[in-house]
Amino acid sequence: MSALIPLHGRFEFSFHARPPVAAPCEVEVFVDFTGPKNTRQRVRAFWFGSREWRVRFRPTVTGEWKFTTRSFPPIAGLDAQAGAFTCLPRRADEKNLFRQHGPLRVASNGRHLAHADRTPFFWLGDTVWNGPMMVRTAADWDRFLRHRAAQKFNAIQFVMTHWRAGATNPDGEVAYTGRDPIWINPHWFERLDARFDAIEAHGLLAVPVLIWTLGRDDINPSTLPESQIIKLARYMVARYGGHHVVWVLNGDGRYYGPAAEKWKRIGRAVFDLPGRSPVVQHPGGMQWPHDTFENEKWIDLIGYQGGHGDDAETWQWLHSGPPARKWKKYSPRPFLNLEPPYEDHICYQSRRRHDAFNIRRAGWWSLLNAPPAGLTYGAHGVWGWEEVARPPTDHAYTGVAQPWHVAMKLPGAKHMTHLAEFFRSLPWTKLAPDQSLVRSAPTAPKKPGRLHVVFSRGADGETAIWLNGEKKNGAWLGGDFTTWVPEAHLALGNEATGDFGWTGTFHRVAIYDRALSAAEIAAAQRAPERHAPDPVAAWSFKKRGTTLRDESARGAPLNLRIATPDRAKITPAGLVLRADAEVKSIAPAEKLATAVRASGAVSFELWFTPAEWDHRACGRLLSMQVDRWNRNFSVTQVATEFTGHLRTSATAGNAEPSLATAVPSSPSTFIAAARTPSGDCAVFYLPQGGVIHIAPRKLQHGLSAAWFDPRTGQQRSARTKARGVLDAPDARDWVLVLKK
């Protein structure tokens with residue numbers, strides 16, 4: 001008699017190699033399933049230990065299913081095995097979300113996830129990176145899952161192997177040993193089997209990270225040879241592909257250049273069989289490698305990490321950076337912030353702890369910067385699964401974390417419950433960002449005029465930033481320039497990752513291997529058409545074309561190239577840049593790095609006219625970077641202020657801390673807005689209360705207005721002060737909803 005399996009349940013079958021297998025990790029076993037109406041699907045089986053292999057499969061159609069196996073190389077007991085089972089209709093009283101509605105896929109509109117029966121799935125995840133590998137008892141794991149399920153969370157993110165924050169599990173085991181070849185440890189994964197089963201029993205989605213990317217080479221699986229990464233990832237996909245999952249191929253990495261090509265190859269090899277669960281990547285904080293992966297068919301979701309900072313750049317990146325700019329440009333895919341700031345985690349810049357307000361603000365902005373699909377929450381103490389109060393392993397800079405059972409009750413998690421319930425009560429699958437709904441008077445002149453900024457550091461360490469001939473700020477910055485990366489390119493009006501585009505006109509740029517004196521800066525202020533003597537590189541942007549020639553007389557010319565001529569051109573005024581322009585050096589800026597290393601001093605002088613003052617603006621004027629977290633220097637406009645970052649042997653690899661013309665205020669007043677296409681529903685998030693002026697032309701008449709309290713989940717009616725003008729109840733953050 002064949003096994004009876006409920007629809008969307010899990011069929012499992014084991015078979016045994018008759019002879020001993022010397023290298024079981026090198027054996028591949030495929031299982032071909034054939035179901036009703038000639039439904040076909042191929043999956044991999046996995047080595048369970050000793051001579052045993054197993055296959056796990058989730059049927060999608062009711063009726064009789066048959067299967068056959070093929071092993072490579074052919075091995076008796078593994079090859080040419082056959083069997084059958086019967087898939088029964090789901091029970092009428094089925095309560096499990098996934099057995100009731102089926103596995104997840106990208107919805108037909110490409111903007112969110114949905115079950116097989118088209119029921120929308122609003123993602124509310126929790127970050128429990130260490131949970132499954134570190135939790136000591138099934139009761140503890142059940143306690144945590146029950147708590148999150150009651151809070152309406154529906155996805156659990158975790159790491160599958162040992163990694164930087166967990167070198168072994170509590171029994172001292174690791175997921176694999178060796179490097180080339182690796183030896184997979186089936187017993188490690190037996191422990192995870194029970195954790196997966198518990199996640200599914202609570203009606204939650206498992207979101208495992210297959211290969212963590214950032215960390216020490218000795219425990220970091222991404223440093224394995226490519227063939228072994230593929231082997232390890234395929235094993236995990238085979239073992240847990242019968243569960244309800246969304247795969248995260250890689251965690252916390254920098255997927256640019258050669259690394260991007262590597263992960264493309266790995267993704268294609270791991271997810272090579274049809275019928276799989278959705279796949280997403282998890283880049284490092286405030287990184288956007290997705291342009292490179294746009295045509296990769298194995299990527300179903302666009303995942304990103306808002307990161308754990310709290311400065312103006314971080315907030316601007318979140319509310320109006322790449323997610324907000326890119327969602328219309330890609331073929332439709334759901335956008336998910338998989339790692340906003342963790343509650344109670346120390347902020348990178350202010351060194352305060354992220355409180356519930358920061359969590360709410362990041363959450364609401366993440367859901368309104370692109371068509372909402374959901375987001376993931378994180379609590380410091382839960383993600384590392386701390387048993388006692390202490391800093392997480394290899395993360396001392398994040399601060400002491402509370403034990404997991406204390407941290408899981410931080411207030412921000414409940415506020416995420418309110419957020420999810422709010423969206424689930426609306427036609428959220430039809431919402432899309434529309435900032436034109438918000439009218440606001442400019443806080444500064446729209447035409448700021450020509451500006452002159454100098455950022456310099458002398459060999460004695462004295463660093464200063466000047467605006468229009470006036471010194472605005474100064475500090476002592478120690479160290480030398482031996483840590484500069486010579487292979488980095490110079491970028492103008494953006495950075496290497498394309499994440500901080502600037503708009504405006506450049507008139508002149510010069511870089512020196514010395515600190516400009518106050519007299520030289522004053523002279524340049526009086527005669528803007530001339531730069532100081534002997535620059536290492538200089539450009540005046542007078543000759544038309546896509547090649548911008550270095551006008552200095554120092555070494556090989558550091559010429560720039562306009563890669564986006566539709567967004568950058570030479571005019572009589574200078575080099576005019578539109579949003580997302582790409583202008584960078586043809587070759588690495590090696591001569592610049594060499595000169596600055598030798599002198600121990602540097603100055604950047606820029607003449608330019610911003611397109612406008614904008615409280616959301618945050619653009620790189622000039623930078624020399626490999627990626628978001630590996631830069632030699634940058635000069636940045638942050639609203640009406642300017643900042644300089646400079647890497648030395650005494651600063652971080654990202655050239656922090658910065659020096660600013662003034663302390664830039666966080667763009668915390670940014671009001672995010674979204675509406676349905678028909679205009680019958682609109683949502684506005686106000687981080688600091690106040691008055692909102694709504695442009696009603698895209699909204700239907702007669703909509704009711706209510707203020708939603710993101711702290712309590714309660715609503716109150718909203719009264720208009722005048723047509724399209726409403727006043728928030730107080731100065732805290734509020735959500736305004738207009739609907740039929």
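In this chain, numbering begins with 1 at the start of the sequence shown. Note that this is a predicted model, so its numbers are computed, not measured.
Judged purely by atom type and a 3.5 angstrom limit, Arg105 has no side-chain atom pairing as donor or acceptor with the backbone of Ala114. A donor-acceptor pair under 3.5 Å is absent between the side-chain atoms of Trp317 and the main chain of Pro323, judged by distance alone. At least one donor-acceptor pair closer than 3.5 Å links the side chain of Asn494 to the backbone N or O of Phe500. Checking side-chain atoms of His380 against main-chain N and O of Glu343 turns up no donor-acceptor pair under 3.5 Å. Formation of a donor-acceptor pair under 3.5 Å by the Thr648 side chain with backbone atoms of Ala650 is found in this model. In this structure a side-chain-to-backbone donor-acceptor pair under 3.5 Å is missing from Arg647 to Trp484.
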Decide yes or no on side chain to side chain contact (heavy atoms under 4.5 Å, CB included) for Val128 and Gln157, but give the supporting numbers first. CA-CA 6 Å; Val128 202; Gln157 291 179 197; over 6 Å; no
Please test Phe196 against Phe158 for ring pair (Phe, Tyr, Trp, His ring centres under 6.0 Å), starting from the C-alpha separation and ending with a verdict. CA-CA 11 Å; Phe196 269 87; Phe158 55 94; 5.3 Å; yes
Audit row: Phe121, His115, ring pair (Phe, Tyr, Trp, His ring centres under 6.0 Å) steps and yes/no: CA-CA 7 Å; Phe121 180 86; His115 293 275; 5.7 Å; yes
Mind running salt bridge (charged side-chain N to carboxylate O under 4.0 Å, His left out) on Asp566 and Arg578 for me, showing each step along the way? CA-CA 9 Å; Asp566 60 324; Arg578 295 169 57 196; 5.6 Å; no
Test side chain to side chain contact (heavy atoms under 4.5 Å, CB included) on Val159 and Asn130; report intermediate values, then the result. CA-CA 6 Å; Val159 180; Asn130 268 355; 5.6 Å; no
Chi angles and distances behind the side chain to side chain contact (heavy atoms under 4.5 Å, CB included) call for Val485, Asn632: CA-CA 7 Å; Val485 182; Asn632 292 340; 3.9 Å; yes
Set out, in order, the CA-CA distance, both residues' side-chain angles and the distance that settles salt bridge (charged side-chain N to carboxylate O under 4.0 Å, His left out) for Arg44 and Asp272, then state yes or no. CA-CA 11 Å; Arg44 287 183 173 87; Asp272 58 336; 2.9 Å; yes
Could you go through Ile230 and Arg234, starting from their C-alpha distance and side-chain angles, then the distance that decides it, and tell me whether this counts as side chain to side chain contact (heavy atoms under 4.5 Å, CB included)? CA-CA 6 Å; Ile230 292 170; Arg234 279 179 169 176; 3.7 Å; yes
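Between Lys231 and Asp180 no salt bridge is recorded (no basic side-chain N to carboxylate O distance below 4.0 Å). One finds a salt bridge joining Arg265 and Glu226 here, because a Lys/Arg side-chain nitrogen approaches an Asp/Glu carboxylate oxygen to under 4.0 Å. A salt bridge does not link Asp291 to Lys329: none of the charged side-chain nitrogens sits closer than 4.0 Å to a carboxylate oxygen. Ion pair Asp300/Arg333 not flagged as a salt bridge, since none of the NZ, NE, NH1 or NH2 atoms sits closer than 4.0 Å to an Asp/Glu carboxylate oxygen.
Seen from the ring of Phe481, Arg597 does not count as a face-on cation partner, given the 6.0 Å and 45° thresholds. Relative to the ring axis of Trp315, Arg361 places its NZ or CZ within 45° and under 6.0 Å from the centre.
Using a 4.5 Å heavy-atom cutoff, the side chains of Leu560 and Leu490 are in contact. In this structure, Leu210 and Asn250 have side chains that are not in contact, with every pair of non-hydrogen atoms separated by 4.5 Å or more. Trp327 places none of its side-chain heavy atoms less than 4.5 Å from the side chain of Asn369. With contacts defined as side-chain heavy-atom distances shorter than 4.5 Å, the pair Met236/Pro208 does not qualify. Using a 4.5 Å cut-off on side-chain heavy atoms (C-beta onward), Leu205 and Leu104 make contact. Counting only heavy atoms from C-beta outward, the side chains of Thr168 and Val174 approach each other to under 4.5 Å. Within the 4.5 Å cutoff, the side chain of Phe541 has heavy atoms near those of the Leu492 side chain. Ser320 is not listed as a side-chain neighbour of Arg325, based on a closest heavy-atom distance of 4.5 Å or more.
A pairwise comparison of heavy atoms in Arg179 and Leu224 identifies NH2-CA, 3.7 Å as the closest pair. In terms of heavy-atom proximity, Pro334 sits nearest to Val106 at CD-CG1, 3.9 Å. Smallest separation of non-hydrogen atoms from Asp550 and Lys591: OD2-NZ, 2.8 Å. Nearest approach of Leu558 to Ala537, heavy atoms of both residues: CD2-CB, 4.3 Å. The minimum heavy-atom distance linking Pro340 with Leu375 is given by the pair CG-CD1, 4.1 Å.
Side-chain atoms of Arg561 and Thr547 form no donor-acceptor pair, as typed in the model, at a separation below 3.5 Å. Using a 3.5 Å distance cut-off with no hydrogens or angles, the side chains of Arg631 and Ser634 do pair a donor with an acceptor. At a cut-off of 3.5 Å, with distance as the only test, no side-chain donor of Tyr377 or Asn337 sits close to an acceptor on the other residue. Judged purely by distance below 3.5 Å, without hydrogens or angles, the side chains of Thr376 and Trp123 pair a donor atom with an acceptor atom. Checking Thr223 against Asn220 by side-chain atom types alone, no donor-acceptor pair falls below 3.5 Å. Counting only N and O atoms by type, the side chains of Asp252 and Gln305 include a donor and acceptor under 3.5 Å apart. For the 3.5 Å distance criterion, the side chains of Glu582 and Thr564 fail to qualify, holding no donor opposite an acceptor. Counted by atom type alone, Glu339 and His282 present one or more donor-acceptor pairs between their side chains at under 3.5 Å. Judged purely by distance below 3.5 Å, without hydrogens or angles, the side chains of Trp502 and Gln637 pair a donor atom with an acceptor atom.
Counted within 6.0 Å of CZ on Arg276, heavy atoms from surrounding residues, nucleotides or ligands total more than 12; the atom is thus considered enclosed. Atom CD of Glu590 is surrounded by 12 or fewer heavy atoms from other residues, nucleotides or ligands within 6.0 Å. Counting heavy atoms of neighbouring residues, nucleotides and ligands inside a 6.0 Å radius, atom NZ of Lys264 exceeds 12 of them.
A parallel orientation is assigned to the rings of Phe604 and Phe455, their planes being inclined by less than 30° (bins at 30° and 60°). The aromatic rings of Trp247 and Phe271 lie tilted to each other, with the angle between the two planes from 30° to 60°. The aromatic rings of Trp47 and Trp183 sit perpendicular, their planes meeting at an angle over 60°, well past the 30° parallel limit. Classified by interplanar angle (parallel below 30°, tilted 30° to 60°, perpendicular above 60°), the ring pair Phe189/Tyr240 is tilted. Classification of the Tyr176-His162 ring pair by plane angle, with boundaries at 30° and 60°, yields tilted.
Taking the six-membered ring wherever Trp is involved, the centroid distance between the rings of Trp129 and Trp385 does not fall below 6.0 Å. Ring pair Tyr330/His290: centre-to-centre distance not below 6.0 Å. Taking the six-membered ring wherever Trp is involved, the centroid distance between the rings of Tyr342 and His308 falls below 6.0 Å. His395 and Trp383 have their aromatic ring centers within a separation under 6.0 angstrom.
When each of Phe293, Tyr256, Phe335 is paired with Trp288, the ring pair (Phe, Tyr, Trp, His ring centres under 6.0 Å) condition holds for Phe335 and for no other.
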